[in-house]
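Computed from heavy atoms alone, side chains included, the values below leave out hydrogens, waters and symmetry copies. Note that this is a predicted model, so its numbers are computed, not measured. Protein chains get the first letters and strands the later ones, always in sequence-line order, with residue 1 at the start of each.
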2 protein chains.
Amino acid sequence: MGYVEPHLDERCAACVVRDQALCASLADDELSALSAIGRSRPLARGQTLIWAGDSSSVCANIVTGVLKMATATADGREQIVGLLFPGDFVGQPFVEEASLTFAALTDASLCVYPREGFVEVLADYPALERLLLQRTMAALDDARARMLTLGRRSAGEKVAGFLLELGNRLPRRPGAPAAAGYVFDLPLGRAQIADVLGLTIETVSRQLTLLRASGVIALSGRRTVAIHEPTRLKRLAGAAGA
Amino acid sequence: MGYVEPHLDERCAACVVRDQALCASLADDELSALSAIGRSRPLARGQTLIWAGDSSSVCANIVTGVLKMATATADGREQIVGLLFPGDFVGQPFVEEASLTFAALTDASLCVYPREGFVEVLADYPALERLLLQRTMAALDDARARMLTLGRRSAGEKVAGFLLELGNRLPRRPGAPAAAGYVFDLPLGRAQIADVLGLTIETVSRQLTLLRASGVIALSGRRTVAIHEPTRLKRLAGAAGA
DNA sequence: CGGCCCGTTGACCAGGTTCAAGGGTTGTGG
DNA sequence: CCACAACCCTTGAACCTGGTCAACGGGCCG
């Protein structure tokens, strides 16, 4: 949108996720096909990239930040069906009308491609398509694991597992003493955690204060979590979350 | 397992799902690469093709019958994460150790490929890989829709939506009067329906008798369902299941 | 025909939701 | 730098959906 790129190869050369994102499947000199149709785009916390129901016109790689994927029932109940981190692929390349809403949970930067152009490039680079297939299958396994959580785990297990999962995928909070265990900042508020786990905001809050009261974790501010007893937390999660 | 094929091309020529399964992406003369490594295999109701935790050594296409995909928690609670119908692809080609159990809900026949061989053929036929990618993405959309159901819908909505979904994918019961509405046989028992929907067997049973009592459906025998008022059923499902 | 399994129904219980009110944090403007 | 307002989170109490435990009945198969 009136955003002018400095120079394409420059952007890729400096890219933080050059070899975590799908781009990792392409040699330096093959990257031009992708970068030719890509534009970098910032996305502020709270902004939506794609609305469910709109024509899904773009795909993207995440460079920095965290996004959510969400659906909702006709009467407005929301379910977050996945979180996306740097290096993850965003969008539904083969779908005309998006079935999911993609929005930023933190300030983020993306590398965005027009959907149709992306599909064409895909056809020209088998390694790219192969990697996307593998990632998609991994995403499917992840979705199915989450179905188990939604359908069969208790509120306590859900929250414990969620904290472990985030702790593994998120960078440690800068400047936290190592002895405090895993310390990180939640990219989601309580309401969004509830939407991930199929609970209400109150239940999430209560489970967190239970965990804090039992000394397994510590909470400071609204968003900072320290996992003091990972072993106990794993037991509470039903040995699921990591 | 000591099972001798009559003649490869013969098998494909007579195949009921020749152009619903992945094979649809291949021309007649390309099929040989797949059929060369494939073996047809019957699977009796209740039999398991792949156990979660075992090395996942095969993939398959379903020719006839219905399979389930399931996971379980460490302490044995089960969640069925998907049903598979004729033409659907079975297995986790890029995974060494299966994370799901695949088992037959009805007598079934499959076309089975060794996992590694299948991956190799995939690399040689771009159209095959492309179609598998599209199917996998569709499966992902399906899984995410089901996450919404598991996380955010009530027992009544779950059961109503489930019946609608089955009604759309299952053949009508042979010899049923058209005036009776959609009539079909459930391929699952109550316990398995409960495992699909994240409920208990008792809740499923109660919801079904509620639907019957209100005249929306009729039940006869243990497995036959007739949908008498599809419109009302859709409203009860939250306009989700079809 | 008889036994077994599966499904149904009932009574009770509990986890989680709902409704409501009361603090803390955060970010903003003076 | 502090004060203030908005928002988010926490906590409490009552309610309700769905789970649990238990007994019964009916269909299906041998």
For DNA chain C, find the residues of residues 75-84 of chain B with a heavy-atom distance under 4.0 Å and give them by number; none if there aren't any. none

Terminal axes of the helix from C/dC1-D/dG30 to C/dG30-D/dC1 (five pairs each): angle between them, nearest 10 degrees: 50°

Would you please name every residue forming a side-chain contact (heavy atoms from CB on, under 4.5 Å) with B/Thr71, sequence neighbours left out? A/Leu148, B/Val81, B/Leu100

With sequence neighbours left out, write down each residue that passes side chain to side chain donor-acceptor pair (under 3.5 Å) with B/Ser109, or none if nothing qualifies. B/Thr64

In this structure, how many angstroms lie between the C1' atom of C/dG16 and the NZ atom of A/Lys158, rounded? 10 Å

How would nucleotides 1-17 of chain D be written as a contact map, 5' to 3', with B for base contact, S for sugar-phosphate-only contact and - for no contact, using protein heavy atoms under 4.0 Å? ------BSSBBBB----

Output a table of donor-acceptor pairs, distance under 3.5 Å, between side-chain atoms of residues 196-204 of chain A and any protein atom two or more places apart or on a different chain; print 'none' if there are none.
unit_1: A/Thr200; atom_1: OG1; unit_2: A/Thr203; atom_2: N; d: 3.3
unit_1: A/Thr200; atom_1: OG1; unit_2: A/Thr203; atom_2: OG1; d: 3.1

Identify, with sequence neighbours excluded, every residue that meets side chain to side chain donor-acceptor pair (under 3.5 Å) alongside B/Arg45. none

Across all chains, not counting sequence neighbours, the ring-ring contact (aromatic ring centres under 6.0 Å, His included) partners of A/Phe102 are none

Mind checking what makes side-chain contact (heavy atoms from CB on, under 4.5 Å) contact with B/Val16, not counting sequence neighbours? B/Val63

Partners meeting ring-ring contact (aromatic ring centres under 6.0 Å, His included) with B/Phe89 (sequence neighbours left out): B/Phe118

Which residues within residues 193-200 of chain B lie with some heavy atom under 4.0 Å of an atom in DNA chain D? B/Gly198, B/Leu199, B/Thr200

Which one of A/Asp195, A/Thr73, A/Asp75 satisfies the side chain to side chain donor-acceptor pair (under 3.5 Å) criterion with B/Arg152? A/Asp195

With sequence neighbours excluded, tell me which residues meet salt bridge (charged side-chain N to carboxylate O under 4.0 Å, His left out) with A/Glu229. A/Arg232

5'-most contact on DNA chain C (nearest-nucleotide basis), A/Gly156 vs A/Gly221, goes to A/Gly156

Hey, is B/Glu157 close enough to B/Arg235 for a salt bridge, meaning N to O under 4.0 Å? no

What is the distance from CZ of B/Arg45 to P of D/dC29, rounded to the nearest Å? 9 Å

